[in-house]
Amino acid sequence: MANKNEVEEQNAIDKLNENLGTASEKIAQNKKVIFWVVGGLAVVAAFVLSYFFIYRNPRLNKAFEAYNEVEIKAQGNDSIAAAEYAKVADDFGGTDAGNLARLSAAESYYNMGKYKEAAAFLDDFSTSEPVLAANAMTLQGDCYVNLKQYDKALSCFDKAVKKADGNPQIAPRVLLKEANVYDAQKKYADALKCYERIASDFPTFQLGNGMTVEAYIAREKARIGK
């Protein structure tokens with residue numbers, strides 16, 4: 001029979017997982033397809049022009065066509081979507097469409113509960129767009145939470161906060177996730193720091209559960225005897 005500590009820890013993890021939601025809720029609204037604009041100057045050597053107009057442009061167009069066709073093929077089926085996006089990522093590595101396909105494959109794997117596969121695709125995803133980068137890193141953190149690899153999750157969440165660079169819609173949400181992980185680990189002093197940062201840096205942020213950040217701060221202080 002589970003002892004009291006085990007029950008409390010499981011309840012904490014369950015509560016944490018409730019806050020994860022689906023990958024589509026986290027990223028779909030922020031996803032931006034990055035189109036490359038390729039051109040050449042009149043003084044560019046002939047072989048460079050040939051590279052762009054004979055090889056690269058058609059390949060980029062084909063990559064985005066393949067990416068956009070996945071939704072039609074999948075019709076909302078994450079299993080099909082994951083396999084098709086993975087194929088686009090493999091076939092068009094080195095292109096923006098191929099890179100974006102990695103993120104989309106990760107979303108689909110996450111929605112299927114295949115968190116290890118999702119995290120692996122996110123390892124190979126990169127973008128200079130801060131909102132997209134922050135959301136991708138947050139999703140990877142969520143993967144590690146579900147895999148019970150909490151230190152890796154915290155590392156991802158910390159990176160996501162930095163990528164968000166003060167974004168009021170992203171940064172406090174990720175800080176809340178960090179606090180939940182710390183609470184699950186009974187690291188109440190660290191959780192307190194997260195809640196205090198939310199209160200000081202994002203005073204208008206709403207938790208959405210009927211409680212205030214101040215209430216969580218008071219709870220953490222009580223737990224550590226402050």
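None of the values given here were measured: they were computed from a predicted structure.
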Side-chain ion pair, Lys87 and Glu84, N-O less than 4.0 Å: no
Pair Gln185-Asp190, side chain to side chain contact (heavy atoms under 4.5 Å, CB included): steps then yes or no: CA-CA 10 Å; Gln185 294 179 316; Asp190 291 319; over 6 Å; no
From Ser79 atom OG to Tyr109 atom OH, the distance as rounded to the nearest 0.5 Å: 8.0 Å
Over all atoms of both residues, closest heavy-atom pair of Ala189 and Ile224: N-CG2, 3.9 Å
Sub-4.5 Å side-chain heavy-atom contact between Lys177 and Val145: no
Minimum heavy-atom distance between Thr138 and Ala160, given as atom pair plus value: OG1-CB, 3.4 Å
Non-hydrogen atoms of Ala118 and Cys143 that approach each other most closely: CB-SG, 3.6 Å
Leu103 with Met112, same ILVMFWY side-chain cluster at under 4.5 Å: no
Note, Lys163 side chain near Val174 side chain (heavy atom, < 4.5 Å): no
Validation row: Leu175, Phe202 side chains within 4.5 angstrom (heavy atoms): yes
Leu207 and Tyr195, any side-chain heavy atoms less than 4.5 Å apart: no
Common cluster, Phe92/Phe125, ILVMFWY with side-chain heavy-atom separation under 4.5 Å: yes
Ile217 side, atom CD1; Ile198 side, atom CD1 - distance, nearest 0.5 Å: 8.5 Å
Enclosure of Glu214 CD (heavy-atom neighbours >12, cutoff 6.0 Å): yes
Stepwise side chain to side chain contact (heavy atoms under 4.5 Å, CB included) check, Arg102 with Asp123: CA-CA 9 Å; Arg102 294 185 184 282; Asp123 274 335; over 6 Å; no
Plane angle bin for Tyr110 and Tyr115 - parallel if under 30°, tilted between 30 and 60°, otherwise perpendicular: perpendicular
Spacing of Glu107 atom CD and Asp78 atom CG [to the nearest 0.5 Å]: 9.0 Å
Which atom of Ala191 lies closest to which atom of Ala179, heavy atoms considered: CB-O, 3.7 Å
Side-chain donor/acceptor of Asp201 to backbone N/O of Gly166, under 3.5 Å: no
Side-chain donor or acceptor of Asp158 paired with backbone N/O of Leu154 under 3.5 Å: no
Common cluster, Ile80/Phe121, ILVMFWY with side-chain heavy-atom separation under 4.5 Å: no
Heavy-atom closest pair, residues Ala153 and Gly141: CB-O, 3.4 Å
Distance (rounded to the nearest 0.5 Å) between Asp151 CG and Cys156 SG: 11.0 Å
Under 3.5 Å side-chain donor-acceptor pair for Asn167 and Arg173: no
Side-chain heavy atoms of Gln149 within contact of Lys116, under 4.5 Å: no
Interatomic distance, Lys193 atom NZ to Glu220 atom CD [nearest 0.5 angstrom]: 12.5 Å
Asn135 side chain vs Val131 backbone, donor-acceptor pair below 3.5 Å: yes
Contact check, side chains of Phe157 and Asp142, non-hydrogen atoms, under 4.5 Å: yes
Within one Ile-Leu-Val-Met-Phe-Trp-Tyr cluster: Leu147 and Met137, side-chain cutoff 4.5 Å: no
Minimum-distance pair of heavy atoms, taken over all atoms of Ala89 and Ala101: N-CB, 3.8 Å
